[in-house]
Trainee: 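Just passing along the structure, written as C-alpha cells.
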Amino acid sequence: MSIIIAGTGSYLPERVVTNAEFETFLDTSDEWIVARTGMKERRVTSGEPSWKMGELAARKALDAAGIAPEELDLIICTTVTPDYLFPSCACMIQGAIGARGAFAFDAAAACAGSVYGIDMARRYLATGDINTVLLVGAETLSQVANYEDRGSCILFSDGAGAAVIKRGDGPYGSCLRSDASGAHQLYCKHIRKDTPFYKSDAPFDGGLFEAELVGTTYMNGQEVYKFATAAMPEAVIGACERAGFAPETLDMVVPHQANLRILETAAKRLKLPMEKISVTIHKYGNNSSASVLIGLDECIREGKIKEGHRVSLVGFGAGLTYGAAAFEYHSK
Ligand code: UT7
C-alpha cells in the first residue's frame, strides 16, 4: 500500500531576516554564512505561533485537495516547538480549522519529524480504519535559538508545511532510524520550575548533557554535519530499496534543509544532479520538521514533481533521528 498526497500547503512568515542583520550583533559575515551554509535569508515569526502557521498551511493543503475539514480523520503535527506543552499543536490546529471528526496529536522527531509523520500516516491508513490524514510540520525555531552562538543561531527559522494524505497503490518504501548515541550533539532543554519537591540542582537534573541551556538550542555543528552527510544518503537508499527502485531513478528528492553542502554531498553519493534535489535553504533557512513539507509543496506547485514521479522525502536531526520515504507521487 502506498499513499496519495491529495494536497499540500505552506506558510512562511513575512519577516525576512538577512545575513546582514546577524552582522549587527554577531561576529559573522554574509560571505561566511553563504559559503558555509548556502543561506542568504530566512523567515522568522514576528508573533505568529506555531499552531497559527500550521493552521494557515493546513487550510491551503485542504483547498488544494478539495477536502473539507470535517472529512479529516486524523491530524498529526510534527512540531518540536509547540506553543503549549498541552494541548498539542495538532489539537490547536484541529480547533482552528474545525476538523470536528478528527483525532489529533503531536509526534516529535525533530527535523526528521515530517518523514516519520508520512510513514505513520501510511500505517494508520493501511489499517483501513481511517481514510484521510492531515500532516502538519509547524515550527518556531527562532524562539529557541541561542543568539550568542554564531555557529548555530544563523541557521534557524520558522514556518509551516502541510499535506493531506490518503490511501494509494504503487511502490512505497521507508527507512526510519534513531541513534541516541548522538543525542548530546543537538538539544534544547525544556524549562522546568523549582517546586517544593524538585530543585534544579538535584543530582539527576540534565546530567547527560554538557551545557545547561534551558529553552535554548545547543548544537555541535561539526558532529551533526558528519552525521547528516552519512544519514541522508543511507536513508534514501534504504527507502528506495524497499520501494523496489534504484535511487538514481528518482525524479525528485525533497530533503530537510540544514546546509547546502550536506545536500550537495548527498546528491553525489546518490548519483543525482542537484536539479533533482529540492533546495529552499537560501531563502527559508532551517525550520526543522516544516522544511520537507514546505519543499514538497513548492515542488508540486512549481511542477517539479508531477504525477507518477518517483520521489523521496528525507529528514535528519536531533535525537539523533533520520529517515526517508520513497514512493510514486499521485494526487488522486
Ligand atoms: O537541522 C538539524 C541538523 N543540523 C545540521 O545538519 C547542521 C550541521 N552543521 C553545519 O551545517 C555546520 O557545521 C555549520 C554551518 C553549523 C558550521 O559550519 P562548519 O563549516 O562546520 O564550521 P565550523 O563549526 O567548523 O567552524 C569553522 C570556523 C570556526 O572558526 P575557527 O575556529 O576556525 O577560527 C568558527 O568559529 O568558522 C567559525 N564560525 C563562524 N564564523 C563566522 C562558526 N560560525 C560562524 C559564523 N560566522 N556564523
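Start at 1 and go down the list; that is how both ligands and their atoms are numbered. By convention here, the first residue in the shown sequence is residue 1.
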Trainee: Would one find an N or O of S29, backbone or side chain, under 3.5 Å from an N or O of ligand 1?
Mentor: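 No: no nitrogen or oxygen of S29 is under 3.5 Å from one in ligand 1.
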Trainee: Would you confirm whether K306, through its side chain, and G303, through its main-chain N or O, come within 3.5 Å as a donor-acceptor pair?
Mentor: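 Such a contact is found between K306 side chain and G303 backbone.
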Trainee: Check this for me, if you would: do E70 and R100 make a salt bridge, where the nitrogen-to-carboxylate-oxygen distance has to be below 4.0 angstrom?
Mentor: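 Salt bridge: yes.
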Trainee: Working note: H309 + Y329, criterion ring-ring contact (aromatic ring centres under 6.0 Å, His included); need CA distance, chi angles, decisive distance, verdict.
Mentor: CA-CA 5 Å; H309 269 180; Y329 167 73; 8.2 Å; no
Trainee: Please test D119 against S174 for side-chain hydrogen bond (donor to acceptor under 3.5 Å, both in side chains), starting from the C-alpha separation and ending with a verdict.
Mentor: CA-CA 7 Å; D119 201 61; S174 65; 2.9 Å; yes
Trainee: For atom 18 (O) of ligand 1, grab the closest protein heavy atom and report residue, atom and distance to one decimal in Å.
Mentor: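 It is R261 NH2, 3.6 Å.
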Trainee: Have a look at ligand 1 and work out which part of T28, if any, has a heavy atom under 4.0 Å from it: side chain, backbone, both or neither.
Mentor: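 Under 4.0 Å from ligand 1, T28 contributes backbone and side-chain atoms.
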Trainee: Counting non-hydrogen protein atoms only, what is the nearest one to atom 3 (C) of ligand 1? Give residue, atom name and distance.
Mentor: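 The answer is V224 CG1, 3.7 Å.
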Trainee: How does L26 reach ligand 1, by side chain, by backbone, by both or by neither, if only non-hydrogen atoms under 4.0 Å count?
Mentor: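 No part of L26 is near ligand 1 at this cut-off.
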Trainee: Hydrogens and angles aside, do T45 and D158 bring a side-chain donor and acceptor to less than 3.5 Å of each other?
Mentor: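 Judged by distance alone, the side chains do not pair up.
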Trainee: Check whether any protein heavy atom sits under 4.0 Å from atom 8 (C) of ligand 1.
Mentor: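 At least one protein heavy atom is under 4.0 Å away.
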Trainee: side-chain contact (heavy atoms from CB on, under 4.5 Å) with I76: which of Y116, F105, F103?
Mentor: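 Result: among Y116, F105, F103, F105 is the only option passing the side-chain contact (heavy atoms from CB on, under 4.5 Å) with I76.
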Trainee: Considering non-hydrogen atoms of the protein only, which is the closest contact for atom 35 (C) of ligand 1, and what is the distance?
Mentor: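 The answer is R150 NH2, 3.8 Å.
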Trainee: Do me a favour and list the nearest non-hydrogen protein atom to atom 2 (C) of ligand 1 with residue, atom name and distance?
Mentor: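 Of the protein heavy atoms, C111 SG, 3.6 Å lies nearest.
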Trainee: Just do the side-chain hydrogen bond (donor to acceptor under 3.5 Å, both in side chains) check on Y284 and E298 with the steps written out, would you?
Mentor: CA-CA 12 Å; Y284 301 150; E298 202 166 285; 3.2 Å; yes
Trainee: Taking the basic N atoms (NZ, or NE/NH1/NH2) and the acidic carboxylate oxygens, is any pair closer than 4.0 Å for E21 and R15?
Mentor: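 Looking at R15 together with E21, the answer is yes, because their closest N to O distance falls below 4.0 Å.
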Trainee: Against heavy atoms of I262, which atoms of ligand 1 measure under 4.0 Å?
Mentor: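 The list of qualifying atoms is 6 (O).
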Trainee: Under 3.5 Å, N or O to N or O, is I33 touching ligand 1 that way?
Mentor: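 Checking ligand 1 against I33, no N or O pair falls under 3.5 Å apart.
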Trainee: Would you mind running through ligand 1 and noting each atom that sits below 4.0 Å from a heavy atom of N286?
Mentor: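 What qualifies from ligand 1 is 1 (O), 2 (C).
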Trainee: With heavy-atom distances below 4.0 Å as the criterion, list the atoms of ligand 1 near H256.
Mentor: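 Within the 4.0 Å cut-off of H256, ligand 1 contributes 1 (O), 2 (C).
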Trainee: How about atom 31 (P) of ligand 1: does it have a protein heavy atom within less than 4.0 Å?
Mentor: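 Protein heavy atoms within 4.0 Å of atom 31 (P) of ligand 1 - there are none.
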Trainee: Do the charged groups of R261 and E264 touch, with an N to O distance under 4.0 Å?
Mentor: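 E264 and R261: not salt-bridged.
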Trainee: Would you mind checking which non-hydrogen protein atom is closest to atom 16 (C) of ligand 1, with the distance to 0.1 Å?
Mentor: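 Protein heavy atom at minimum distance: G151 O, 3.2 Å.
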Trainee: Please check: side-chain N/O of T216 versus main-chain N/O of V214, any donor-acceptor pairing under 3.5 Å?
Mentor: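 Yes, the answer is positive, given that a donor and an acceptor are paired below the 3.5 Å cut-off.
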Trainee: If the plane angle is over 60° it's perpendicular, under 30° parallel, otherwise tilted; pick one for Y218 and Y187.
Mentor: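 Geometry flag for Y187 against Y218: tilted rings.
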Trainee: Hey, does M219 sit under 4.0 Å from ligand 1 if you only count heavy atoms?
Mentor: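 Yes, that is the case, since the closest heavy atom of the residue is under 4.0 Å from the ligand.
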Trainee: Considering the options L134, D129, I130, which one meets the side-chain contact (heavy atoms from CB on, under 4.5 Å) requirement together with D73?
Mentor: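 Exactly one pass, corresponding to I130.
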Trainee: Judged on heavy-atom distance to atom 22 (O) of ligand 1, which of Y225, F156, Y322, W32 sits nearest?
Mentor: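 Heavy atom nearest to atom 22 (O) of ligand 1 belongs to W32.
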Trainee: Please identify which atoms of ligand 1 are closer than 4.0 Å to at least one heavy atom of T37.
Mentor: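 Numbered from 1, ligand 1 contributes 15 (C).
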Trainee: Please state which protein non-hydrogen atom is closest to atom 20 (O) of ligand 1 and give its distance, to 0.1 Å?
Mentor: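 In this structure, atom 20 (O) of ligand 1 has R36 NH2, 2.8 Å as its nearest protein heavy atom.
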Trainee: For N259, counting its heavy atoms only, list the atoms of ligand 1 lying under 4.0 Å from any of them.
Mentor: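 This gives 10 (C), 11 (O), 12 (C), 15 (C) as the contact atoms.
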Trainee: Which residue and non-hydrogen atom of the protein lie closest to atom 25 (O) of ligand 1, and at what distance in Å?
Mentor: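 For this ligand atom, the closest protein heavy atom is Q222 NE2, 2.5 Å.
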